[in-house]
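Chain letters run A, B, ... following the sequence lines, proteins first, then strands; residues in each count from 1.
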2 protein chains.
Amino acid sequence: MRRGGSVAKRPVRGFGGVALLPTAYDVATHAGVSQSAVSRAFTEGASIAPATRDRVLKAAAELGYRPNLIARSLITRQSRTIGVVVGYLENQFYPQLLQALSHAFQAEGYRLLLFTSPPGSGDPVVADMLSYRVDAVILASVMLSSHLAEECRAAGIPVLLLNRKTDSPTVSSVTGDNEGGGRAIANYLLAMGHRRFGYVAGLESSSTSRDREAAYRAVLEPQGFGVARAVGHYDHMGAKIATRALLASGQAPDAIFYANDHMAMAGLEVARFEFGLVPGRDLSIVGFDNVGAAAWSSFDLTTYSQPIDHMVSMVVGATLDQISHPQAEPVRAVVEGGLIIRASTRAPAGAPAGAPAGAPAGGPAARG
Amino acid sequence: MRRGGSVAKRPVRGFGGVALLPTAYDVATHAGVSQSAVSRAFTEGASIAPATRDRVLKAAAELGYRPNLIARSLITRQSRTIGVVVGYLENQFYPQLLQALSHAFQAEGYRLLLFTSPPGSGDPVVADMLSYRVDAVILASVMLSSHLAEECRAAGIPVLLLNRKTDSPTVSSVTGDNEGGGRAIANYLLAMGHRRFGYVAGLESSSTSRDREAAYRAVLEPQGFGVARAVGHYDHMGAKIATRALLASGQAPDAIFYANDHMAMAGLEVARFEFGLVPGRDLSIVGFDNVGAAAWSSFDLTTYSQPIDHMVSMVVGATLDQISHPQAEPVRAVVEGGLIIRASTRAPAGAPAGAPAGAPAGGPAARG
DNA sequence: TTGAAAGCGCTACCAG
DNA sequence: CTGGTAGCGCTTTCAA
């Protein structure tokens with residue numbers, strides 16, 4: 001006997017005074033069918049007569065019933081929940097990514113369980129994603145300890161890295177085209193006549209920053225050009241400090257590539273407001289990501305785009321694949337972007353610095 | 001008999017080839033205790049002998065066992081999950097809020113289930129938070145249909161509005177001090193000698209925008225000053241268009257208050273780059289929120305702060321209260337901010353426009 | 001302090 | 001197509 005057995009129009013109040021939601025059992029009684037029938041009525045493609053179904057749905061609506069996804073998860077062993085770990089949301093790229101991820105997964109019937117890694121605490125907080133039985137884990141811009149990766153693997157939970165790579169062969173990753181971007185930027189700056197180059201790294205530990213820098217140098221150094229270098233820690237203030245160091249040096253670079261737009265915007269401000277330089281005339285500043293604010297007139301930043309929608313659709317696809325085929329090979333996708341030329345870089349002789357922005361070149365592509 | 005009855009060192013592989021995680025039952029067998037004992041070992045303050053507990057924990061570690069929170073939720077009727085609905089993350093205020101919320105709730109042992117409302121689709125997506133049995137719902141910057149609010153109430157799920165109010169007496173809310181901010185801004189602009197005022201609203205439907213405007217007008221209009229007005233739709237481009245309309249008019253305002261920083265930054269760009277005006281000299285521009293970028297040198301924006309940490313700790317406290325005392329009165333907290341004076345507003349005669357930024361005045365406070 | 005047993009609300013498998 | 005029945009993995013009585 002359940003709760004005194006009576007069926008109420010509205011959620012029954014339990015003995016503690018807390019509201020109890022109606023269950024499939026209540027609906028069944030109300031509709032005069034079995035509890036199984038109620039389950040079927042709410043299961044896509046289940047074998048149930050339309051009439052029965054309608055009767056159940058009507059009863060459910062009257063009682064304000066909704067299937068309890070917790071109970072469903074317990075038996076289906078699918079929580080329809082994706083654990084997402086993001087680091088810092090200051091860099092606009094990540095909120096944009098998060099929003100796109102959320103929409104894309106919602107469209108597939110999944111929800112995001114959000115985990116932010118507070119400064120110090122790495123794994124411990126993240127680790128209990130496993131207790132929540134998320135169907136997959138997506139790590140955007142966070143260190144993944146190999147221990148956690150191993151635990152996820154052991155638990156059969158797919159791990160996907162977004163905008164980050166790892167050496168571990170068991171985890172999939174989706175990144176922008178760091179190599180292509182670094183090369184494109186170097187070539188473009190060379191073509192614009194620059195000869196003194198700088199690079200502001202994100203974090204030394206970041207594969208993303210390293211890959212961009214390596215590709216940039218791979219173009220410049222063979223031609224005999226050195227690259228002045230500073231570390232901006234992916235941070236607004238850090239990038240300002242790095243820029244000051246670069247610009248205050250004897251042979252200050254007149255072309256600086258930043259590991260991302262977030263830092264490039266900070267650098268541009270230092271050049272403009274502290275050194276009185278005009279970006280696009282006295283020096284060129286280039287970022288990476290093409291975040292929304294890069295297009296604002298305060299920055300008008302030349303950058304290499306990371307097409308968020310493509311990256312997200314790629315990672316969603318890979319995630320769903322990994323969920324349905326746990327033994328599938330991990331994916332390592334590189335999504336091409338394109339050089340977006342704006343006013344922060346020197347224009348070719350004869351053209352005004354503030355020339356119209358170029359369209360992104362190239363589309364998405366997966367590469368081995 | 002479970003799964004053939006054998007206990008493995010590592011997660012057993014089920015028949016479908018999918019990894020099955022060890023259960024409390026497996027751990028019990030391995031440790032030579034009952035399954036109840038395993039449960040107790042993982043329950044804070046349960047009655048269990050230290051020796052037993054250690055034995056269980058050791059066995060659990062060997063098997064890689066983690067309690068299944070889904071199963072726990074089913075019986076405790078607490079998912080330890082908070083549903084958070086955010087609208088658009090372009091405005092940096094919301095990522096900041098989200099990050100702070102996430103950290104604060106994580107510290108209390110709760111996780112955030114993220115729901116973003118795709119343009120168009122309002123309730124439907126959000127509605128299945130109820131199916132996920134979230135312990136509470138926090139709505140930041142999203143319309144709450146009274147229908148959904150009612151459903152939550154019926155389900156006994158507390159609803160909290162963050163940075164937004166409603167007329168419904170059953171939902172709690174935590175907002176910044178829109179009235180105090182609007183007044184402070186008006187008084188400050190008056191004191192700086194402005195006589196032609198403008199306001200750029202967010203959305204007409206937004207209580208936040210309306211409250212700020214009303215307070216602003218309540219100071220200005222009794223003194224005989226009108227307020228030119230445009231709607232920026234809380235959007236970068238919308239704010240630019242609104243600003244153009246204001247500045248192109250015959251009697252253009254020389255002091256414009258924007259419903260938030262996100263729009264104020266756009267407006268400042270229009271004034272500076274399209275109208276050749278120098279903010280802080282030719283006109284004053286004021287925002288609301290004090291987002292991170294407001295302090296960047298490109299904007300150096302005078303604004304009224306919404307102290308995120310205080311708002312978040314307030315909403316977390318209220319949420320936990322509502323969860324543990326479902327019949328508690330809804331909270332309506334207003335968190336005071338302070339006027340942050342930067343270079344985007346005209347300085348008093350004699351002082352340079354780019355005077356050092358002032359410190360926020362006043363601290364947090366809850367008011368009825 | 002401990003183990004056995006009874007569910008939480010649901011899905012999935014049976015017969016019918 | 002339908003109703004019964006057996007669990008999913010856990011917490012929580014209840015006796016011992």
Open item on the list: Can you list everything that forms a side chain to side chain contact (heavy atoms under 4.5 Å, CB included) with Pro95(A)? Sequence neighbours excluded, please.
Closed with: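 Per chain and number, Pro95(A) pairs via side chain to side chain contact (heavy atoms under 4.5 Å, CB included) with Leu89(A), Leu89(B), Pro95(B).
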Task: Which residues share a side chain to side chain contact (heavy atoms under 4.5 Å, CB included) with Ala107(A), sequence neighbours left out - done: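 Per chain and number, Ala107(A) pairs via side chain to side chain contact (heavy atoms under 4.5 Å, CB included) with no residue.
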Grab the [atom1]-[atom2] distance between [X] and [N] for me, whole Å please.
X        : N       : atom1 : atom2 : result
Ile70(A) : dT11(C) : CD1   : C1'   : 15 Å
Tyr25(A) : dT11(C) : OH    : P     : 15 Å
Leu74(A) : dA12(C) : CG    : P     : 12 Å
Arg66(A) : dC10(C) : CZ    : C1'   : 17 Å
Glu44(A) : dC10(C) : CD    : P     : 17 Å
Gln78(A) : dC8(D)  : CD    : C1'   : 14 Å
Leu21(A) : dC10(C) : CG    : C1'   : 14 Å

- [ ] Give a yes/no on whether any side-chain N or O of Ser39(B) is located under 4.0 angstrom from OP1 or OP2 of dT11(D).
- [x]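 Checking Ser39(B) against dT11(D): at least one side-chain N or O falls below 4.0 Å of OP1 or OP2.
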Which residues satisfy the side chain to side chain donor-acceptor pair (under 3.5 Å) test with [X], sequence neighbours excluded?
X         : value
Asn68(B)  : none
Arg80(A)  : none
Tyr110(B) : none
Ser79(B)  : Asp135(B)

- [ ] Return the 5'-most residue of the pair Arg133(B), Ser47(B) with respect to DNA chain C, ranking by each residue's nearest nucleotide.
- [x]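 With Arg133(B) and Ser47(B) compared, the 5'-side residue is Ser47(B).
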- [ ] Look at all strands and tell whether Tyr65(B) reaches a base, only sugar-phosphate, or nothing, counting heavy atoms closer than 4.0 Å.
- [x]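 The residue Tyr65(B) makes sugar-phosphate contact but no base contact.
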Contacts under 3.5 Å, N or O only, protein and nucleotides 3-7 of chain C:
unit_1	atom_1	unit_2	atom_2	d
dG3(C)	OP2	Ser34(B)	N	3.2
dG3(C)	OP2	Ser34(B)	OG	3.0
dG3(C)	N7	Arg40(B)	NH1	3.4
dG3(C)	N7	Arg40(B)	NH2	3.3
dG3(C)	O6	Arg40(B)	NH2	2.7
dA4(C)	N7	Ser36(B)	OG	3.3
dA4(C)	N6	Ser36(B)	OG	3.0

TODO: Go through Leu97(B) and Val86(B) one step at a time and tell me if the side-chain contact (heavy atoms from CB on, under 4.5 Å) criterion holds.
DONE: CA-CA 10 Å; Leu97(B) 206 55; Val86(B) 288; over 6 Å; no
TODO: Could you check Arg53(A) against Asn68(B) and say which one's nearest nucleotide on DNA chain D is further toward the 5' end?
DONE: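 Per heavy-atom nearest nucleotide, the more 5' residue is Arg53(A).
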Please pick, from [options], the nucleotide with the shortest atom-to-atom distance to any side-chain atom of [X].
X        : options                  : answer
Ile48(A) : dT2(D), dC8(D), dT11(C)  : dT2(D)
Arg72(A) : dT11(C), dC8(D), dC10(D) : dT11(C)
Arg77(A) : dG9(D), dT11(C), dG9(C)  : dG9(D)

TODO: Return the orientation label for the Phe42(A) and Tyr65(A) ring planes: parallel under 30°, perpendicular over 60°, tilted otherwise.
DONE: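 Perpendicular.
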TODO: Work out how much the helix from dT1(C)-dA16(D) to dG16(C)-dC1(D) bends between its end axes, five pairs an end, to the nearest 10 degrees.
DONE: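 Rounded value for the end-axis angle: 40°.
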Task: Residue pairs involving residues 39-61 of chain B (criterion side chain to side chain donor-acceptor pair (under 3.5 Å); sequence neighbours excluded) - done: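 Checked against side chain to side chain donor-acceptor pair (under 3.5 Å) - neighbours excluded - the pairs reaching residues 39-61 of chain B are Lys58(B)-Glu62(B).
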